[in-house]
There are 2 protein chains.
Amino acid sequence: MTQNKRTHKRVTIADVAREAGLSPTTVSHSLNGIGQVDPRTRQHVKDVAARLKYRPSVRAQRLRTGRSNAIALLSSMPAAVSTGESRLGFFTELAMGMAGKALLSGYVLMLAPPMDQCNPLALMDIDGAILLEPAPDDPIAQELDERAVPYVTVGGEPGPDNVDLQHAAAADLLLQHLLQSGARRPGLILGGSGRASQRNFHERYLATAEARGFPPVVAFAAEEIGAEAGRQAAARLLAEHPELDALCIPIDTFASGALRAIHDAGRRVPDDMLLATRHDGVRARTCQPPLTAVDLHLDAVSHVAVQRLLRMLGREGQDAPVDVPTPALVARRSTGA
Amino acid sequence: MTQNKRTHKRVTIADVAREAGLSPTTVSHSLNGIGQVDPRTRQHVKDVAARLKYRPSVRAQRLRTGRSNAIALLSSMPAAVSTGESRLGFFTELAMGMAGKALLSGYVLMLAPPMDQCNPLALMDIDGAILLEPAPDDPIAQELDERAVPYVTVGGEPGPDNVDLQHAAAADLLLQHLLQSGARRPGLILGGSGRASQRNFHERYLATAEARGFPPVVAFAAEEIGAEAGRQAAARLLAEHPELDALCIPIDTFASGALRAIHDAGRRVPDDMLLATRHDGVRARTCQPPLTAVDLHLDAVSHVAVQRLLRMLGREGQDAPVDVPTPALVARRSTGA
DNA sequence: CTGAAAGCGCTTACAG
DNA sequence: CTGAAAGCGCTTACAG
């Protein structure tokens, strides 16, 4: 009776119906716990289905119901930047968090690493999407609109369908902390991608410089290169501006490279130079000395993003709406803590 | 003429056929570049489809063709271990690599973070799967078998459908390197999950101890806890075995914790104690001093895993089969490099 | 409480 | 070169 795998024909709802002496309708109702079915009939159907090892076809369910119970995580960053060392931790931490949250609501997560060549959207059967740090006039956002795929953004332009990453608040937190820790001439090193995060840090930095009366010193580094780009940018800054006594470097990979440049220049953290980064991830914790950073509550961010998207899809969450807490400073040795 | 989004009815192949004055068959053939269609007809169909913004329904295609062009990355680790700090980098590095490779062949990747509660397989419409480090008699492997889902394993039991992670070779590489770097009494700290990786390191360590005539000293730490577990295990080992002059710690998170324990014990790396870990990831590179590690060629591993799975699915790769290179030692300051 | 029938939107033999 | 029809495997009004 054992079917050869090559000959293996799928067990369908019709097979179960035939075997149970009932109609597909009743089988469907029984298995899905809907409609009015005699309890004994229902149990009988379940027994037969189990005996035949019946597994409903997700494909057919999706076509018929019009829902796929799948969502995608998309990023519009150029592939080199997004999968580059400097952002991998950020992206994947959100991805894992979202995959977990989604699953708890019966949704699976598709991963669409940014590929410059092919278009993942044409291959994906999804009900909605989460778009990470979209640019203004983002091409992926446009295509989602064209396809009428509902989506929320994370770290995008403010709005009801955006989950704020609170970059400005994080920037203020770090800059104030540096100044309170004794910095008089803090410098800034940014990535070149021009996303909201970088823009916000830039703005807040300039505003703080003006308010506190120190001359702004800003350098840019290429995000796709990683630590070495950060090292070079920091080396340049140290050479040209020996008066700097602190560096705010939102991208942790750059901060780790800068640490080396500072060391190479014969200066020490935190004695001669304070250093702070944004994302409190593996890097910030592992660096020597460990880096002062900001807890952005990425787990809460993924939770909120998924929850808001599901709400948009009509899956009114029975669970209470979650809020993303205000970013919290994590003071470490790199700023004298 | 603009459709309200709430009223928005999907444009189907029938709509295109009607508008073009042709049959669905011809539209399908034209758009998919198959069959015998008059070139002008074909172009006309394409024009009409573009004008109507027709997007084929992936759902319907999947049901009809029996293929979903989707694969899943599964892990059977308990959730706490697999998403725990100590393995996150490993899992996500493979995931991103696979997602990219798959996309190049027209496949999308579903992420199934290990959830103890729900069963992602029932929700996923996939043609095949990649199972990460399965245990013997792995429940997920069993369910894949039951559902007749083709799959390859990564770092599982040796066999044609397994992509070897070459743990034994990596272990030998590290142990030989430690001994050559002057270690006389190397100790070992392992995770408690009992996976092939840990078993292999244990075996090779014991064999090396016997061959070289040093007494084996092994400690275990809980993988779901992370760096702190590594620190405690190392602290214990240092206290009980002050004669140890090197530590081999395959899990990088533990190694980073051990670094702190060594420091707290008033000893220095590499002067008083050599230290080496396995995965050459962010941690190994960021630690101070940077850790000697092994390049496992995870990018090649993901490539091979995807390629082998697609071959299994009958997608004979036109691209040449890739091989996973032998693990390569990356000597760093933690062993005196 | 149960069932016959339609239909989700495609692709694929098959006929012309 | 083109088209009518079947069918992938479900769910859902609707009728009884």
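First the proteins, then the strands, lettered A, B, ... as listed; each starts at 1. Predicted, not measured: the structure shown is a model, and the values here were computed from it. Values below: every heavy atom of this structure, side chains too, minus hydrogens, waters and symmetry copies.
Both key distances under 3.5 Å define a Watson-Crick or G-U pair, and stretches of 3 or more such consecutive pairs in DNA chain D run C:1-3 with D:14-16, C:5-12 with D:5-12, C:14-16 with D:1-3.
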Can you check side chain to side chain contact (heavy atoms under 4.5 Å, CB included) on A:Asp164 and A:Val324, steps first, answer last? CA-CA 8 Å; A:Asp164 195 357; A:Val324 179; over 6 Å; no
Begin from the C-alpha positions of A:Met124 and A:Leu74 and carry the test side chain to side chain contact (heavy atoms under 4.5 Å, CB included) through to its verdict. CA-CA 11 Å; A:Met124 300 197 302; A:Leu74 304 167; 3.9 Å; yes
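Across the interface with DNA chain D, nearest-nucleotide mapping of B:Val37 and B:Leu63 shows B:Val37 to be the residue nearer the 5′ end.
Among pairs with a residue in residues 43-53 of chain A, those fulfilling salt bridge (Lys or Arg N to Asp or Glu O under 4.0 Å) read A:Glu19-A:Arg51, at least two apart in sequence or across chains.
Applying the salt bridge (Lys or Arg N to Asp or Glu O under 4.0 Å) test to A:Asp15 and every residue at least two apart in sequence or in another chain returns A:Arg18. Shown here are the side-chain hydrogen bond (donor to acceptor under 3.5 Å, both in side chains) partners of B:Asp138, two or more places apart in sequence or in another chain: B:Ser76. For the side-chain hydrogen bond (donor to acceptor under 3.5 Å, both in side chains) test, residues two or more places apart in sequence or in another chain that qualify with B:Thr153 are B:Asn162. With sequence neighbours excluded, no residue forms a side-chain hydrogen bond (donor to acceptor under 3.5 Å, both in side chains) with A:Glu157. Contacts of B:Arg55 classified as salt bridge (Lys or Arg N to Asp or Glu O under 4.0 Å), with partners at least two apart in sequence or in another chain: A:Glu146.
Between the CZ atom of A:Arg18 and the C1' atom of C:dT2 there is a distance of 18 Å, given to the nearest Å. Atom C1' of nucleotide C:dC10 and atom CZ of B:Arg55 are separated by 17 Å, given to the nearest angstrom. A straight line from CG of A:Leu31 to P of D:dC10 spans 10 Å, rounded to a whole angstrom. Nucleotide D:dG3 holds its P atom 14 Å from the CZ atom of B:Arg42, rounded to whole Å. Between A:Arg62 atom CZ and C:dC10 atom P the separation is 16 Å, expressed in whole Å. The separation between B:Gln36 atom CD and D:dG3 atom P is 15 Å, rounded to whole Å. Note: CZ (B:Arg10) to P (C:dG7) measures 19 Å, nearest angstrom.
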Each nucleotide N or O in nucleotides 11-15 of chain D that has a protein N or O under 3.5 Å away: list the pair and distance.
{"from": "D:dT11", "atom 1": "OP1", "to": "A:Asn32", "atom 2": "ND2", "distance (Å)": "3.4"}
{"from": "D:dT11", "atom 1": "OP1", "to": "A:Gln61", "atom 2": "NE2", "distance (Å)": "3.0"}
{"from": "D:dT11", "atom 1": "OP2", "to": "A:Ser28", "atom 2": "OG", "distance (Å)": "2.9"}
{"from": "D:dT11", "atom 1": "O2", "to": "A:Arg64", "atom 2": "NH1", "distance (Å)": "2.5"}
{"from": "D:dT12", "atom 1": "O4'", "to": "A:Arg64", "atom 2": "NH2", "distance (Å)": "3.0"}
{"from": "D:dT12", "atom 1": "O4", "to": "A:Thr25", "atom 2": "OG1", "distance (Å)": "3.2"}

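Under 4.0 angstrom from either OP1 or OP2 of D:dG3 there lies at least one side-chain N or O belonging to B:Ser23. Between A:Ser57 and D:dC10 there is no side-chain polar atom (N or O) within less than 4.0 angstrom of OP1 or OP2.
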For a quick test of your reading: what N or O donor-acceptor pairs under 3.5 Å do the side chains of residues 30-38 of chain A make, sequence neighbours left out?
{"from": "A:Ser30", "atom 1": "OG", "to": "A:Thr26", "atom 2": "O", "distance (Å)": "2.7"}
{"from": "A:Asn32", "atom 1": "ND2", "to": "A:Ser28", "atom 2": "O", "distance (Å)": "3.1"}
{"from": "A:Asn32", "atom 1": "ND2", "to": "A:Ser28", "atom 2": "OG", "distance (Å)": "3.4"}
{"from": "A:Asp38", "atom 1": "OD1", "to": "A:Arg40", "atom 2": "N", "distance (Å)": "2.7"}
{"from": "A:Asp38", "atom 1": "OD1", "to": "A:Arg40", "atom 2": "NE", "distance (Å)": "3.4"}
{"from": "A:Asp38", "atom 1": "OD2", "to": "A:Arg40", "atom 2": "NH2", "distance (Å)": "3.2"}

